[in-house]
**Q** 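Sharing a structure, written as structure tokens. Questions coming.
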Amino acid sequence: MTKTILTIDDSASVRQMVSMTLTAAGYDVLQAEDGADGLAKATGNRVDAILTDLNMPNMNGLEFIRAFRAHPSGQGVPIVFLTTESDDGMKSEAKAAGATGWIVKPFKQEQLVAVVKKVAGA
Amino acid sequence: MEGMDEIRDTFFQEAEELLGELERGLILIQEGDRDSETVNAIFRAVHSIKGGAGMFELDRLVSFAHAFETVLDDLRSRKIGLEANGLKTMLRSADLLSDLVRTARAGEEMEAGREAVLMAELAALSGGVADAAPSAFDAPELPAGPVSRLYDIRFTPLAALYANAGDPALLVRELHRLGTATVSCDASHVPDLSELDPEGAYLSWTVALETTESEDTIREVFEFVEGDCILEVIAGEPMVVEEPAVVEEGDGFDVAALLARMQAELGDGPAPEATPSPFDMPFAPDFSADFSNVVDLADMRPVETPAPSPAPAVEPVAAPVLAASPAKTEESKASSAPAPAAGATIRVDLDRLDRLVNLVGELVINRAMVAQRVVEAGLSNTAAVSVGLDELEQLTREIQDNVMALRAQPVRSVFQRMSRLVREVGEAVNKQVQLVVEGEGTEVDKTIVERLTDPLTHMIRNAIDHGLESPEKRLEAGKPLTGTVHLSARHASGHIVIEVSDDGGGLNRPRVRDIAVSKGLIPADAQLSDEETDNLIFLPGFSTASTISNISGRGVGLDVVKRSVQALGGRISIASRPGRGSTFTLALPLTLAVLDGMLVTVADQTLVLPLTSTVETLKLKPEEIHALGSSKLVTLRGAFTPMIDVGRHFGYRHAPADLTKSVGLVVETQGNTRTVLLVDEIQGQRQVVIKSLETNYGSVPGIAAATILGDGRVALILDVDALVSEASASASDFSFAIAG
């Protein structure tokens with residue numbers, strides 16, 4: 001069955017890029033434009049993995065991860081965060097919040113697909 | 001690739017918005033705002049630009065944004081404070097960033113090294129050393145070499161791995177990709193179901209991996225779960241060809257047996273598909289998958305197993321209820337916090353909007369036609385149909401306003417650009433200037449917003465360069481050293497009124513007058529009011545700067561500004577108070593789809609004149625008319641003014657108009673020249689919906705567009721500028737023919 005990935009990013013171009021790349025790789029993609037929108041979509045749909053930006057207005061990525069993990073439907077779903085910060089402080093903070101993995105921006109399309117496969121399967 | 005181009009467009013659109021946010025934030029900070037959300041917003045803007053630029057490999061943009069971001073990040077985390085110098089650097093960095101975005105968008109390359117100085121300043125701000133700008137992409141790791149080794153990998157997930165939705169099966173699958181893997185799972189620690197903690201971690205894996213990849217590559221597979229598992233990778237000796245040992249069904253763990261045990265304990269448990277849990281985890285592993293048992297085994301991670309405990313997770317009613325969860329608190333907190341950038345917006349293709357605007361125009365016309373029919377049918381005002389029509393009119397008007405509002409945009413985007421202009425011009429002419437902006441949220445049609453930049457740029461340059469005095473003179477006059485330019489926008493009687501004022505010396509009226517006289521723009525004995533004198537500066541060929549500075553004197557005078565404003569159906573004027581400053585006032589229509597028109601009758605035809613070009617109306621006396629060759633002139637307060645008989649000009653009739661029954665409309669055209677248009681009668685003022693004549697019929701000289709009147713007839717809208725220049729051209733041709 002086709003897997004559904006939710007991409008949460010305040011940048012429409014990043015969402016489009018993620019969406020185009022993952023659709024080409026055979027996934028269904030849902031989009032949300034900030035953490036609050038993401039939480040509504042993540043809890044209102046069956047998603048197989050979530051890609052979220054960290055720095056967003058209206059509920060940032062960390063808040064989203066914590067909120068989603070605290071939600072009954074938010075426990076088995078892998079969450080990958082997109083970040084341009086490669087510093088480990090951010091990584092460990094996001095992991096402590098419940099993130100599954102990360103991808104450092106800018107990323108190549110293959111890298112994106114590889115990471116999604118790694119956490120959500122093909 | 002088409003998709004990429006589209007995304008690229010989106011990115012640049014977004015970047016423009018982000019640059020606006022950046023500028024807005026920096027200005028707030030300049031004004032003393034120290035709210036951490038403001039600093040965060042500007043950080044986010046630069047950060048997002050950098051992120052997007054990376055996708056398109058705009059390396060210069062990325063590295064400059066990176067240096068900028070580093071400083072903002074330090075500011076955000078209060079590693080550094082903010083001094084005046086720092087703010088200046090940041091404002092200039094915002095300008096440069098915006099230039100970098102624009103050149104990138106245009107596919108151009110900015111001249112090399114322009115960012116060097118600012119990069120150094122930014123580096124100094126962030127404590128000396130900026131970290132090296134990231135290269136766009138990390139070089140892919142080279143494989144260690146062709147030598148194959150056998151690695152012994154021991155992997156024991158901890159509960160945290162499952163809590164973060166890590167999946168051992170997928171990790172093991174990754175290992176399969178690297179070479180030949182032989183996997184065994186140790187399930188000996190799985191307790192009886194009654195004692196099983198659904199969130200516990202009980203399984204561990206041993207993988208014998210034969211691969212040519214390096215140990216680092218293997219460890220990279222576990223990158224995300226570092227710290228959430230116990231991992232040992234032991235490298236064996238380089239290998240000679242060896243039979244892989246098959247240990248698949250290893251170590252006394254029997255899937256079937258475990259399953260049987262679990263199912264027995266659960267009784268006839270619910271079928272996995274019917275589980276109302278939002279988990280996407282089938283209770284029973286899917287044996288039809290094309291993976292080995294080993295992988296299926298791995299799929300049976302404990303955390304996913306719907307345990308018979310009363311965990312809220314499997315309670316279907318619990319799922320949509322957020323109220324008690326911390327998520328809700330987070331959410332409400334977030335929504336109460338100021339979030340200037342967020343808003344429920346959708347992007348709509350402009351064409352669609354315009355189609356809607358057109359349709360509404362049709363609706364307005366149609367309603368007017370029905371109303372006319374009702375009147376013609378002789379129905380009373382109180383008839384049900386008339387009452388219904390009144391209501392329809394209200395509704396139509398509301399729809400019209402709302403649809404027009406869809407095309408409306410705040411003038412903010414243009415106003416924001418002006419702050420940069422003020423900085424640059426102030427620096428160039430060595431004056432200290434502050435810009436005070438008001439009403440930037442005032443909305444007006446998108447096209448008008450777009451065309452505001454040039455006139456505003458010009459007026460502001462003018463205000464700083466000519467309006468504000470030099471610092472010495474300001475001190476002498478007892479004014480603050482820093483001059484103020486005030487830029488404001490507001491709505492007034494169906495127009496948007498934009499004012500640019502300065503607290504400088506005001507216009508030097510005697511000098512303005514002398515210049516106008518010396519350039520032959522007015523007769524030496526002309527009697528002018530103060531207001532008329534001030535507005536002389538809009539005449540073509542007028543320039544007050546005795547030395548042309550490279551700021552205002554760009555070969556474009558205020559007459560050009562005036563013309564571009566008129567082209568938008570607007571008016572511009574200046575009012576000056578000697579010693580206290582000048583104010584430019586710009587009045588523009590709110591939309592270009594509707595025109596304030598003066599309806600006139602010419603030889604039984606109804607024509608529409610734009611109200612903005614009409615200065616006054618008058619009754620003409622025969623003794624005021626003079627013939628000059630084939631053309632006629634009117635004496636208007638002592639000045640000869642050309643006259644056009646509109647009926648004859650358009651060929652509606654051959655006989656000249658009867659002056660006693662005609663009305664003269666004084667119109668003002670390019671370069672402030674006045675012309676009298678002769679019409680039969682004035683019907684009144686009305687808002688008309690503009691319909692393009694070119695798309696529906698063809699271009700006609702002297703006619704700008706058409707509109708449809710309430711009675712269904714088409715009325716032409718005059719293009720006054722074209723009409724006047726055409727008439728004067730044909731008149732001179734004619735007189736030339738006579739002379740020849």
Side-chain angles (χ1 to χ4, degrees), chain A residues 3 10-17 20 24 33-36 39 43-44 46-49 53 55-60 63-64 66-80 82 84-86 92 95 98-102 104-108 111 115 117-122, chain B residues 3-4 6-8 10-11 13-14 40-41 43-44 47-48 50-55 57 62 69 134 136-138 163-167 169-171 173-174 221 223-224 227-228 277-281 303-304 312-315 318-320 322 325-327 330-331 334-335 339-342 347:
Chain A
K3 294 201 165 163
D10 54 330
S11 157
S13 55
V14 172
R15 292 199 303 270
Q16 281 177 14
M17 171 71 102
M20 186 181 80
E33 57 191 39
D34 55 41
L39 190 63
T43 53
R46 232 200 53 168
V47 294
D48 297 285
D53 194 18
N55 207 324
M56 292 180 293
N58 205 8
M59 182 180 280
N60 68 34
E63 289 166 342
F64 163 78
R66 289 190 196 109
F68 184 56
R69 284 284 185 246
H71 188 269
S73 64
Q75 283 158 21
V77 184
I79 304 175
V80 172
L82 305 181
T84 47
E85 286 110 320
S86 42
S92 52
K95 270 195 72 172
T100 313
W102 58 85
V104 177
K105 290 194 281 190
F107 49 84
K108 286 186 183 170
Q111 291 172 322
V115 168
K117 275 197 182 140
K118 187 163 167 175
V119 299
Chain B
M4 274 310 265
E6 232 169 76
I7 298 174
R8 206 183 139 93
T10 314
F11 162 66
Q13 251 175 41
E14 229 164 54
N40 202 29
F43 170 81
R44 202 159 49 221
H47 178 81
S48 299
K50 180 180 116 178
M55 292 195 301
E57 303 184 37
V62 170
E69 180 193 37
F137 297 109
D138 295 332
N164 284 0
D167 187 343
L170 293 171
L171 297 174
R173 227 178 267 183
E174 281 278 305
V221 169
E223 188 189 11
F224 293 161
D228 296 343
S277 145
F279 286 164
D280 172 37
M281 194 54 215
V303 67
E304 301 285 15
V314 288
E315 207 61 55
L322 255 170
S325 77
E330 291 281 348
E331 196 177 48
S335 59
R347 290 170 200 274

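Naming: A, B, ... by sequence-line order, numbering from 1 per chain.
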**Q** What residue in B:D228, B:L171, B:V221, B:N164 has the most heavy-atom pairs under 4.5 Å with chain A?
**A** B:N164
**Q** Heavy atoms only: give me the nearest A:V119-B:L170 pair and the separation to one decimal.
**A** O-CD1, 3.0 Å
**Q** In Å, rounded to the nearest 0.5 Å, how long is the span from CZ of B:R44 to CG of A:N60?
**A** 8.5 Å
**Q** Are the side chains of B:F224 and A:K95 in touch, meaning some heavy atoms are under 4.5 Å apart?
**A** no
**Q** Under 3.5 Å, is there a donor-acceptor pair between the side chain of A:T100 and the main chain of B:G166?
**A** no
**Q** What part of A:A49 gets within 4.5 angstrom of chain B, counting heavy atoms only: side chain, backbone, both, or neither?
**A** neither
**Q** As an exercise, state the distance from CZ of B:F11 to CD of A:Q16, rounded to the nearest 0.5 Å.
**A** 12.5 Å
**Q** Can you name the closest pair of heavy atoms from A:R69 and B:A163 and give their distance?
**A** NE-O, 3.5 Å
**Q** Please find the pair of heavy atoms, one from B:S48 and one from A:D10, that lie closest to each other, and give the distance.
**A** OG-OD2, 4.2 Å
**Q** Against A:S13, only a single residue in B:Q13, B:E14, B:E6, B:R8 fulfils side chain to side chain contact (heavy atoms under 4.5 Å, CB included); can you say which?
**A** B:E14
**Q** Checking A:A12 against chain B: side chain, backbone, both or neither under 4.5 Å from a heavy atom?
**A** both
**Q** Could you grab the distance from atom NZ of A:K118 to atom CD of B:E223, nearest 0.5 Å is fine?
**A** 6.0 Å
